[in-house]
Amino acid sequence: MSKVGIPKGMRDFSPEVMAKRNYIFDTIKRTFQLYGFEQIETPAMENRETLTGKYGEEGDRLIFSVLNSGDYLKKVEDVSLKNRNLENITPLVSEKALRYDLTVPFARYVVQHQNEITFPFKRFQIQPVWRADRPQKGRYREFYQCDADIIGSDSLLNEVELIKIFDEVLTNLGMQDFSIKMNNRKVLSGIAEVIGRPEKIVDITIAIDKLEKIGRDKVNEELLQKGLTNKEIEQIQPLFELKGDNKEVLQRLRNYLQNSEVGLEGIVEIEKILEVIGFWSLNKAKVEVDVTLARGLDYYTGAIFEVVSNEVKMGSICGGGRYADLTGIFGLPNLSGVGISFGADRIYDVMEELKLFPTKLSQGTQLFFVNFGHKEEAYVLPLLQKAREKGIRAEIYPEAAKMKKQMKYADQKNIPYVVVVGEEEMKSGRLSFKNMQSGEQEKVNFNELIERIS
RNA sequence: GUGGUUGUAGCUCAGCUGGUUAGAGCGCCUGAUUGUGGUUCAGGAGGUCGUCGGUUCGAAACCGAUCUUCCACCCCA
């Protein structure tokens, strides 16, 4: 076993894997562009303070900090080192951090470039993000997010367009059965309000979010542990029975939230979104109103989305939601945004499990020239150039190795056609042209050869 | 951050309650075929058993630490 390796939770991607990954990225990118989004990129690192405090306490722990260059202990007093007061020391030894998601860097970008941006601004961004989490199934320390956000518009039409993008991308990737779960932060606020503990909104929603996973009893247990009274827990119970079709769920929810202004507002938003989706047709997506869905509570203020495959057991493969004031923390208030994120790596795992990748993804070499040496190169290299000019992916073996070795190379790279040009072929102009799949070989001139391939 | 799990040849793995030169299949290299791959045949290379330390006459095997893998929790794409 060699000593080389890569950090925990991070991966290499070999050519076959990259072909599949690019298939996903290309599909997502094409759809984003089709809906009018423009691409940006931001640096792998942000200033640490740009990121900290944006993802909750848990999130801060998962941010990879980058050690300062040079004498990074310069600013640290010996006393604080001895006391191991990490909270104070970290900012002194690390001023940069790897981005944790694409949304916060995007908010920073918008604030920084506000004078160049025409609002509403529709951008997309496909880049890796890093989290210092323990790796496990569907969870990596480095993974790609593919985000599309609209910032500077309150309209719910944006939410609808994003739902449509979920549908279009995942359908195009071949998924047959997936659910776009939708909730609204205002509904969650309403629930906390109705049971009289608005300050407990986060604890309540995080607990009921686990309903499907751990069951009702455990959820209630957790609620009790978080300091809710039995009476309050009793009031939450009707929410666990809110299953069924969206209309029915909303009807009962409206009844439940009748005394909460904000809660009713959330319901109206959900209804509006559902109504407008109705103007379009969805392919394979099922839109489900789910009051137990609680995501990104640290910044979402309106709609909350999460997409799960119903065919494979995996965490959520996409997420998203509306944040009324994300740029406010960077000094640009009153800009409302809504965005979604595709988790490309999880989508990959789902597609792999469902065998959804097309077999013909490879953009490998189509035509291979055997190399016999300097004299032959003089004859063959111009032909190679011509083939490439015709758009044929072609290559020549870089040295005059044994033919067996060259053929083997072509075989292992799955190159479908091989040209052999030696003395005989140079004299006659009839090239030996071999079909590697059938094993057949014939003599053709160069133009015929090009026609055979294209 | 908590709990569990894994590590033997390039890959997938075997290796008995500790016993001498650690195995298989696949892959790789060479030749049969000095201008023909994928099939066949013959031969060959390749491992300080994750790392460090301990127990023992003796450790791949037992113990400890550490790293890595995978899984669950927390949280999340």
Side-chain angles (χ1 to χ4, degrees), chain A residues 1-11 14 24 28 55-63 86 99-103 126-147 166 202 205-207 209-210 213-214 218 222 293-298 305-309 313-321 339-350 368-373 376 397 400-426 431-441:
Chain A
M1 189 66 66
S2 55
K3 286 175 198 126
V4 296
I6 51 178
K8 191 209 292 241
M10 305 195 176
R11 300 162 298 161
S14 298
I24 294 174
I28 291 171
Y55 309 103
E57 210 174 304
E58 196 65 26
D60 275 5
R61 208 191 72 210
L62 300 177
I63 294 172
L86 299 182
R99 76 166 95 77
Y100 175 91
D101 73 355
L102 299 179
T103 307
I126 298 176
Q127 289 190 275
V129 302
W130 294 269
R131 296 185 187 178
D133 215 342
R134 284 261 179 105
Q136 55 178 284
K137 181 172 186 181
R139 176 174 297 186
Y140 308 100
R141 288 186 144 185
E142 178 182 52
F143 61 97
Y144 271 73
Q145 287 192 334
C146 312
D147 276 29
F166 277 145
V202 171
T205 51
I206 283 182
D209 183 49
K210 294 176 188 163
K213 200 167 175 183
I214 63 177
K218 297 250 178 187
E222 183 164 331
L293 171 63
R295 287 292 122 136
L297 289 171
D298 283 293
F305 304 115
E306 174 175 289
V307 182
V308 294
S309 165
K313 194 178 166 238
M314 177 81 63
S316 53
I317 53 178
C318 308
I340 55 173
S341 179
F342 288 82
D345 302 77
R346 282 192 181 172
I347 290 172
Y348 182 101
D349 291 346
V350 168
F368 177 81
F369 286 84
V370 171
N371 188 335
F372 277 137
E376 288 82 357
Y397 202 79
K402 282 187 185 163
M403 184 142 168
K404 181 175 172 139
K405 188 167 183 182
Q406 301 193 36
M407 292 300 286
K408 192 161 189 170
Y409 172 86
D411 182 46
Q412 298 207 314
K413 273 190 84 169
N414 255 316
I415 299 173
Y417 299 105
V418 170
V419 196
V420 181
V421 181
E423 243 173 83
E424 198 187 313
E425 286 86 353
M426 291 197 291
L431 315 179
S432 294
F433 179 58
K434 178 160 182 170
N435 179 323
M436 291 294 276
Q437 204 173 358
S438 66
E440 283 165 23
Q441 186 166 318

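To find a chain, count down the sequence lines: A is the first, B the second, and so on, and within it residues start at 1.
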Participant: What I want to check is whether an N or O donor and acceptor connect the side chain of A:D411 with the base of B:rG37 at under 3.5 Å.
Facilitator: yes

Participant: Roughly how far apart, to the nearest Å, are B:rC63 and B:rA24 at atom C1'?
Facilitator: 31 Å

Participant: Is the shortest heavy-atom distance from the side chain of A:Q437 to the side chain of A:P416 under 4.5 Å?
Facilitator: no

Participant: Using atom P of each nucleotide, how far apart are B:rU51 and B:rG47 to the nearest Å?
Facilitator: 13 Å

Participant: Determine, for nucleotides 72-77 of chain B in 5'-to-3' order, which nucleotides have protein heavy atoms under 4.0 Å from the base (write B), from only the sugar-phosphate (write S), or from neither (write -).
Facilitator: BBBBBB

Participant: Less than 4.5 Å apart, any side-chain heavy atom of A:M10 and any of A:W130?
Facilitator: yes

Participant: Given the C1' atoms of B:rU8 and B:rA72, what is the spacing between them in whole Å?
Facilitator: 28 Å

Participant: Can you find a pair of side-chain heavy atoms, one from A:M314 and one from A:S309, that are under 4.5 Å apart?
Facilitator: no

Participant: What integer number of Å spans the P atoms of B:rA22 and B:rC16?
Facilitator: 15 Å

Participant: Tell me, please, which residues at least two apart from A:Q441 pass side-chain contact (heavy atoms from CB on, under 4.5 Å).
Facilitator: A:S432, A:K434

Participant: Judged by atom type as modelled, is there a donor-acceptor pair below 3.5 Å linking the side chain of A:R346 to the main-chain atoms of A:I317?
Facilitator: no

Participant: Which letter, B, S or -, goes with each nucleotide of nucleotides 27-36 of chain B from 5' to 3', with contact meaning a protein heavy atom under 4.0 Å?
Facilitator: -SS-S---BB

Participant: Is the gap between the ring centers of A:F166 and A:F342 under 6.0 Å?
Facilitator: yes

Participant: So, taking the atom named CD in A:E306 and the one named OG in A:S341, what distance separates them when rounded to the nearest 0.5 Å?
Facilitator: 12.0 Å

Participant: Measure the CZ-CZ distance between A:F143 and A:R11 for me, rounded to the nearest 0.5 Å.
Facilitator: 10.0 Å

Participant: Would you say A:R131's side chain and A:Y100's backbone share a donor-acceptor pair under 3.5 angstrom?
Facilitator: yes

Participant: Should the heavy atoms of other residues, nucleotides or ligands under 6.0 Å from NZ of A:K413 be counted, would the total exceed 12?
Facilitator: yes

Participant: Measuring only the P atom in each nucleotide, how far is B:rU12 from B:rU2? A whole number of Å is fine.
Facilitator: 30 Å

Participant: Whenever both distances are under 3.5 Å in a Watson-Crick or G-U wobble pair, mark it; put RNA chain B into dot-bracket that way, with [ ] for crossing pairs and | when the partner is on another strand.
Facilitator: ((((..(..((((.....[...)))).(((((.......))))).....(((((..]....))))))..))))....

Participant: What interatomic distance, in whole Å, is found between P of B:rG50 and the corresponding atom of B:rA45?
Facilitator: 24 Å

Participant: Hey, which of these two, A:P7 or A:N435, hits RNA chain B nearer its 5' end, going by closest nucleotide?
Facilitator: A:N435

Participant: Checking A:D101 now: which residues fulfil side chain to side chain donor-acceptor pair (under 3.5 Å) with it, not counting sequence neighbours?
Facilitator: A:Y55, A:Y299

Participant: What's touching nucleotides 43-46 of chain B from the protein side, N or O pairs under 3.5 Å?
Facilitator:
none

Participant: Between A:F368 and A:M407, does the side chain to side chain contact (heavy atoms under 4.5 Å, CB included) criterion hold? Intermediate values first, please.
Facilitator: CA-CA 9 Å; A:F368 177 81; A:M407 292 300 286; 5.7 Å; no

Participant: Could you tell me how far B:rA9 sits from B:rA77 if I compare only their P atoms? Round to whole Å.
Facilitator: 38 Å

Participant: Checking all strands, does A:G373 fall into the base, sugar-phosphate, or nothing category for heavy-atom contacts under 4.0 angstrom?
Facilitator: nothing

Participant: Is any side-chain heavy atom of A:M436 closer than 4.5 Å to one of A:I415?
Facilitator: no

Participant: I'd like the C1' distance from B:rG10 over to B:rC28, given in whole Å.
Facilitator: 8 Å

Participant: So do A:I126 and A:Y144 actually touch side chain to side chain, heavy atoms under 4.5 Å?
Facilitator: yes

